[in-house]
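Written out below as structure tokens is the structure these notes cover.
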Amino acid sequence: MSRDDAESEEPQGQPEQLALIRETVREHKARRPRAKPRTWRGAELAARLPVARVLVDKGLAHLDRFFDYAVPAAMDEEAQPGVRVRVRFGAGEREGRREGGGLINGFIVERRADTDFTGRLAPLAQVLSPEPVLGPELLQLCRAVADRYAGSLADVVQLAVPPRRARVEKQPSARRPPRPQPPAPGGWTRYPQGPAFLEALAGKGAPRAVWTALPGPHGWADELARAMATTLAAGRGALAVLPDGKSAARVDAALTALVGEGQHVLLTADAGPEPRYRRWLAVSRGAVRAVVGTRAAMFAPVRRLGLAAIWEDGDSGHSEERAPQPHAREVLIQRAVTEQAAFLLGAHGCTVEAAQLVESGFARPLAADRETVRAVMPRVRTAAEGDEGRDPAARSARLPSMAWHTARDALERGPVLVQVPRRGYVLRLVCERCREPARCAHCAGPLQATGEGTALRCAWCARETPEWRCPMCAGTRLRGSVIGARRTAEELGRAFPSVPVRTSGGEHILESVPGRPALVVATPGAEPVPEGDGYAAALLLDGWALLGRPDLRAGEEALRRWMGAASLVRPQGEGGTVVLVAEEGMRPVQALVRWDPAGHALRELADRAELGFPPVSRMAAVTGPPDAVEALLTSAQEAGLPEGAQVLGPVPLPVVEPGRPRRPGDPPPGELWERALVRVPRGSGAPLAAALKTALAGRLARREGPVPHVRVDPLDIG
DNA sequence: TACGGCTCTGAA
DNA sequence: TCAGAGCCGTAG
């Protein structure tokens with residue numbers, strides 16, 4: 001039946017009545033939501049502190065300030081700092097007449113005796129709930145995050161305070177349970193500084209550590225939980241931020257095993273809004289002192305925070321997508337400093353940022369000695385690509401023969417992990433002879449092929465390099481290969497016909513696999529955790545693809561992925577072996593063989609310092625329509641870019657490939673946008689953000705057309 | 001955010 | 001000439 005048929009299906013004889021009913025419903029709908037709340041004009045005001053300073057829930061840069069409202073006497077009691085309110089906002093006072101302006105949500109940040117506003121204050125329209133959800137500490141944190149990222153306070157508050165659920169607010173939170181007993185140090189005794197770190201936590205100190213976790217599929221989650229439990233036992237709160245729900249659930253379970261239920265909550269997106277708000281409220285009310293969660297939990301208002309911890313800070317899951325796109329590591333550092341809490345950054349690998357925290361003296365390294373590392377790490381061997389030997393089985397699987405033999409032997413003893421590259425990596429240009437990345441002579445940005453011919457253009461400053469010559473080996477030929485057909489699970493299955501093959505990646509991610517012999521094919525980051533003592537072996541087949549990505553972090557990221565997989569493999573004493581298919585001489589390959597992620601990160605850091613890259617410098621990306629970008633840069637200059645600021649570009653932005661969801665800062669379909677990078681010396685991040693913020697606010701206030709997107713610490717410079 | 005005020009349009 | 005639609009500017 002077509003739509004038209006359905007519409008003509010009205011009962012015969014009463015169309016007028018139906019029309020009448022429809023009309024009434026429409027009128028009703030039109031009228032009901034417009035019902036104006038009482039205007040409090042002329043109403044009696046609160047006797048004490050009759051002014052409420054309000055943060056209006058609007059993330060516009062030029063409205064990033066507080067507004068004062070009068071507090072009607074009837075709201076005096078509930079209108080406390082931190083509560084959600086509704087206020088009239090908009091439409092000014094003209095010729096003595098004030099009317100209109102829409103109702104908008106906000107938060108009271110302060111009750112005051114007076115105002116510096118010269119006009120007449122509008123009254124608060126409504127106190128939405130007496131629950132103080134935006135306390136002074138959380139407000140201060142949000143302000144600091146907004147300032148660091150050139151964002152507005154309202155935007156950050158929106159990330160930090162979950163939307164209200166009235167039903168949940170009415171329920172009281174359970175009473176806070178008594179302090180747990182301090183746990184035994186457990187696996188921390190494997191690290192020379194481990195027990196001392198726990199003792200500092202127990203003594204309410206604020207130690208800061210970059211923890212290079214020993215390999216092993218299960219140790220780290222328990223150790224992280226022990227650090228939290230130690231903090232709880234000392235009477236302070238603890239917060240751990242994990243890159244995904246899966247790892248958060250593991251730490252949550254480990255913490256439950258140590259301190260039981262009731263001491264902590266798990267804050268992840270997959271819990272659903274209502275349970276999530278219930279847990280968040282329990283934290284906000286102080287009924288729960290410990291939080292394990294994914295990135296939104298970085299703002300959790302844990303009382304008397306004693307430990308702020310992050311696991312795998314290199315994982316992209318730690319970077320918030322919504323404006324102003326703060327990173328969990330930076331937010332937790334901020335909290336550790338202002339709330340005088342301990343800071344623990346743990347990972348199997350080591351990011352350049354983590355190395356810098358150590359280098360700058362902010363944090364101390366917390367790592368095991370070489371002997372311990374060697375005892376628990378798997379044996380790591382490299383194999384050259386295409387080194388298939390004469391072995392027909394290896395050839396058919398397109399595996400280097402050593403990888404094939406390793407897998408075959410290991411399959412007698414347990415599961416074997418095979419890490420394969422994901423589709424769609426774009427490769428960067430490197431010297432064909434020595435694999436040195438091709439860089440711009442002017443700003444050291446990455447060079448890109450322009451298409452036809454040999455012209456190379458810098459992806460940062462757009463300058464062309466007509467004749468490139470490798471600064472390391474004087475080579476003149478470049479390599480930038482394309483990903484061909486990938487080894488598939490089927491090919492492997494044919495090479496090992498008697499073994500079950502399981503796959504994990506993309507939409508279909510396996511959380512864990514049994515400890516029985518099986519081939520487990522996974523893309524990086526989707527490796528299932530093996531039950532029992534780990535994989536018998538791992539084959540890392542994606543070396544060249546990971547290393548060839550056109551990203552500043554390619555090496556670091558490759559090593560992180562390899563270490564993530566290799567950490568799931570048994571110690572070499574138990575036969576655990578990792579075969580990495582990659583060029584032996586490359587730095588990240590060497591770092592894996594020696595199991596030295598911190599050393600690798602330090603060397604990367606030195607390189608970045610030499611080239612002026614983050615995190616040694618601070619960068620911000622400005623993206624938008626060409627004239628908007630240019631105008632914003634000009635007004636940022638006028639607002640006062642810090643000494644030594646350098647503008648790179650702008651360059652045209654690649655069009656977002658169809659199908660990929662648009663992220664903030666991406667051009668809308670069909671529009672040609674540009675991106676400029678602003679680089680300042682380390683330590684000048686604050687004035688850089690301030691200048692950009694001023695420029696944004698000016699452009700918004702003057703309504704000069706489209707407003708560019710600003711991102712501090714852009715991820716994909718590269 | 002949603003209101004008042006302004007301009008623009010089309011029909012009488 | 002006027003009513004209505006739609007956009008703009010505003011912000012306690």
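Note on naming: letters A, B, ... go to the chains in the order of the sequence lines (proteins, then strands), and numbering restarts at 1 for each one.
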- Task: Round to the nearest Å and state the distance from A/Arg120 atom CZ to C/dA11 atom P.
- Result: 17 Å
- Query: Between A/Ser173 and A/Arg285, do the side chains contain an N or O donor and an N or O acceptor separated by less than 3.5 Å?
  - Reply: yes
- d(CG, A/Leu103; P, C/dA11) in whole Å: 17 Å
- Is it true that a side-chain atom of A/Arg111 and a backbone atom of A/Ala79 form a donor plus acceptor pair closer than 3.5 Å? yes
- Can you tell me the distance, in whole Å, between the CZ atom of A/Arg702 and the P atom of C/dC8? 18 Å
- Message: For the CD atom on A/Gln334, are there more than 12 heavy atoms of other groups (residues, nucleotides or ligands in this structure) within a distance under 6.0 Å?
- Response: yes
- Query: Listed in order of residue number, which residues of residues 61-69 of chain A have a non-hydrogen atom at under 4.0 Å from DNA chain C?
  - Reply: A/His62, A/Leu63, A/Arg65, A/Phe67, A/Asp68, A/Tyr69
- What's the CD-P distance between A/Glu704 and C/dG9, to the nearest Å? 12 Å
- Item | Stem regions touching DNA chain C, defined by at least 3 consecutive Watson-Crick or wobble G-U pairs below 3.5 angstrom | B:2-11 with C:1-10
- Whole angstrom value for the distance that separates P of C/dG12 from CZ of A/Phe89: 6 Å
- Query: Atom CG of A/Asp57 to atom P of B/dT1: distance rounded to whole Å?
  - Reply: 9 Å
- Side-chain H-bond candidate by donor/acceptor type, A/Gln171 with A/Arg278, under 3.5 Å: yes
- Note: A/Leu138 and A/Pro301 closest approach over all heavy atoms is CD2-CB, 4.4 Å
- Task: Test A/Ser152 against every option in A/Leu60, A/Asp64, A/Leu63 by the side chain to side chain contact (heavy atoms under 4.5 Å, CB included) rule and name the one that passes.
- Result: A/Asp64
- Query: Would you say the side chains of A/Asp252 and A/His264 form a donor-acceptor pair under 3.5 Å?
  - Reply: yes
- Query: For A/Arg53 and A/Phe66, which heavy atoms make the closest approach, and how far apart are they?
  - Reply: CG-CB, 3.4 Å
- When rounded to whole Å, the CG to C1' distance for the pair A/Leu60 and C/dG9 reads 13 Å
- For residues A/Glu330 and A/His318, is any side-chain donor paired with an opposing acceptor at under 3.5 Å? no
- Task: Rounded off to whole Å, could you give me the CG-to-C1' distance for the A/Leu55 and C/dG12 pair?
- Result: 13 Å
